[in-house]
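Comments concern the structure below.
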There are 2 protein chains.
Amino acid sequence: MVPARLLDVAVERFGESGFEGASTREIARASGTAMSSITYHFGGKEGLYLAAAEHIAGKIAERQAGPLAAAQAAAEGPRDKAVAALVGLLDGFAQMMLRAESAPWARFIMREQQTPTEAFERLWAKGMKPVADTFIRLVARARPDFGDKEARATALLLFGQAMILRGGRASACKLLEVETLDDDTGALLRARLRANALCILSETQR
Amino acid sequence: MVPARLLDVAVERFGESGFEGASTREIARASGTAMSSITYHFGGKEGLYLAAAEHIAGKIAERQAGPLAAAQAAAEGPRDKAVAALVGLLDGFAQMMLRAESAPWARFIMREQQTPTEAFERLWAKGMKPVADTFIRLVARARPDFGDKEARATALLLFGQAMILRGGRASACKLLEVETLDDDTGALLRARLRANALCILSETQR
DNA sequence: GTCTATACTACGATAGAC
DNA sequence: GTCTATCGTAGTATAGAC
């Protein structure tokens, strides 16, 4: 049996210090197991890294399954329902980015974005692609005047607004003149994000 | 004299592998100097890291000085001029995020966002704050119906749309179904970003 | 000021006891 | 399966030649 804590600690340490910076010794110690168990279960540091990526992807897939199914249904319905579903999905994503629990695995993903490895392929395929596909479909439904590329670009930019809440956390705090993104500030940000999304998606067709 | 290449290489290596992951040996070797020159000039690895952060901040400040002065003037003028200036500034920022040259220092900053250290303080104060302040002032001018917090939140979310072009590069490529963000794709993204910003900033006041 | 040489610590991997 | 012990390598820092 793989020690339960090993993967959680691995995600945290790899996210914090990067692949080269994290040490299997410390991960093992913090997991309450021997370093050689990493070799045994994962074949080495690289194997552990990949397993950590899949661990994250699994958690995301698990958590998004419900909201995603509901949103997907809305992509077939009327336009305003699709807009509402998209705004709700984005808001949920923003909420996740605001929660402290997202920090460890978000750090991991952010690193992979900068210099993608095989780990990103697994993160994408298992955790991120399902969300992205639904997102794109909803944008396409909300803005039938858009071509495929434009819908994809818009989905990305909408994502960006939520992602900066985690990936640009330090700047966000400075910009908003707060020490941490507390609940009040988070609510304000989410309200603005919803308004922005609504505005972008409902723009009168020219 | 500090070897000219040392700081550039340091930014690249620290950005690529993080503080713990990067090695002073390799930085020194790639800079064509001895490892001990790092100790001499910067007191050690940590000193080099801080110097690299200030190096980045200086480059940003230098590059943004011109556009910023022009945009600042617009913040005093009529509302539609402020909107145009803001959209232009954001587009320039997006263009920078799209260019390959931004990768090394953007990686460095992204890392600092996740787990800020003293280096982030210097990055912010010298490089990022001037841009952010101008941005906020322009948003406030464009949307006089906003309170201060709302203007700041909106500025952040606008930033997010540009930042994801670099900070979420891997996802962007997957989502847009391209190998790299070439000029055509970049132009499409910038066009959508401008449209989104225009829509958010010009929304009819209720 | 810039180099070489070296001291010391921590790394990942592996072998082998249990 | 999980542990301890150990190997070889690479890390930062420092002392001292020039």
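Distances shorter than 4.0 Å separate some side-chain N or O of B:Thr24 from OP1 or OP2 on D:dT12. Side-chain N/O atoms of A:Ser37 include none lying less than 4.0 angstrom from OP1 or OP2 on D:dG1.
Straight-line distance from the CE atom of B:Met1 to the P atom of C:dC3: 13 Å, rounded to whole Å. Following rounding to the nearest Å, A:Glu46 (CD) and C:dT14 (P) show an atom-to-atom distance of 13 Å. Separating the CZ atom of A:Phe19 from the P atom of C:dC11 is a distance of 14 Å, rounded to the nearest angstrom. Here the P atom of nucleotide C:dC11 and the CZ atom of A:Phe14 are 13 Å apart, to the nearest Å. Whole-Å rounding puts the A:Ile38 CD1 to D:dT4 C1' distance at 15 Å. In this entry the distance linking CD of B:Glu20 with C1' of D:dT12 reads 14 Å, nearest Å. Rounded to whole Å, atom C1' of D:dG11 lies 13 Å from atom CZ of A:Arg25. Residue A:Arg29 contributes atom CZ, which lies 17 Å from atom C1' of D:dC3 at whole-angstrom precision.
Remark: side-chain polar atoms of A:Thr154 are paired, donor with acceptor, to backbone N or O of A:Glu150 under 3.5 angstrom.
Within the nucleic acid shown, A:Ala28 has no heavy atom closer than 4.0 Å to any nucleic acid atom. Across all strands, B:Met35 comes closer than 4.0 Å to base atoms (heavy-atom distances).
No hydrogens or angles considered: nothing links the side chains of B:Glu16 and A:Thr115 as a donor-acceptor pair under 3.5 Å. Inspection of the B:Ser102 and B:Arg166 side chains reveals an N or O donor paired with an N or O acceptor under 3.5 Å.
In the interface, the side chain of A:Ser36 is not paired with the base of C:dT14 through any donor and acceptor atom under 3.5 Å apart. For A:Ser23 and C:dC11, a side-chain-to-base donor-acceptor distance below 3.5 Å is absent, hydrogens and geometry of angles not being considered.
Two residues are said to be in side-chain contact when any heavy atoms from C-beta on lie closer than 4.5 Å; A:Gln161 and A:Leu90 fail this criterion.
Between B:Tyr49 and B:Phe42, the gap from one ring centroid to the other reaches at least 6.0 Å.
Summary of the strand contacts: B:Lys45 and A:Gly32 both lie near DNA chain D, and taking for each the nucleotide with the nearest heavy atom, the more 5' one is attributed to A:Gly32.
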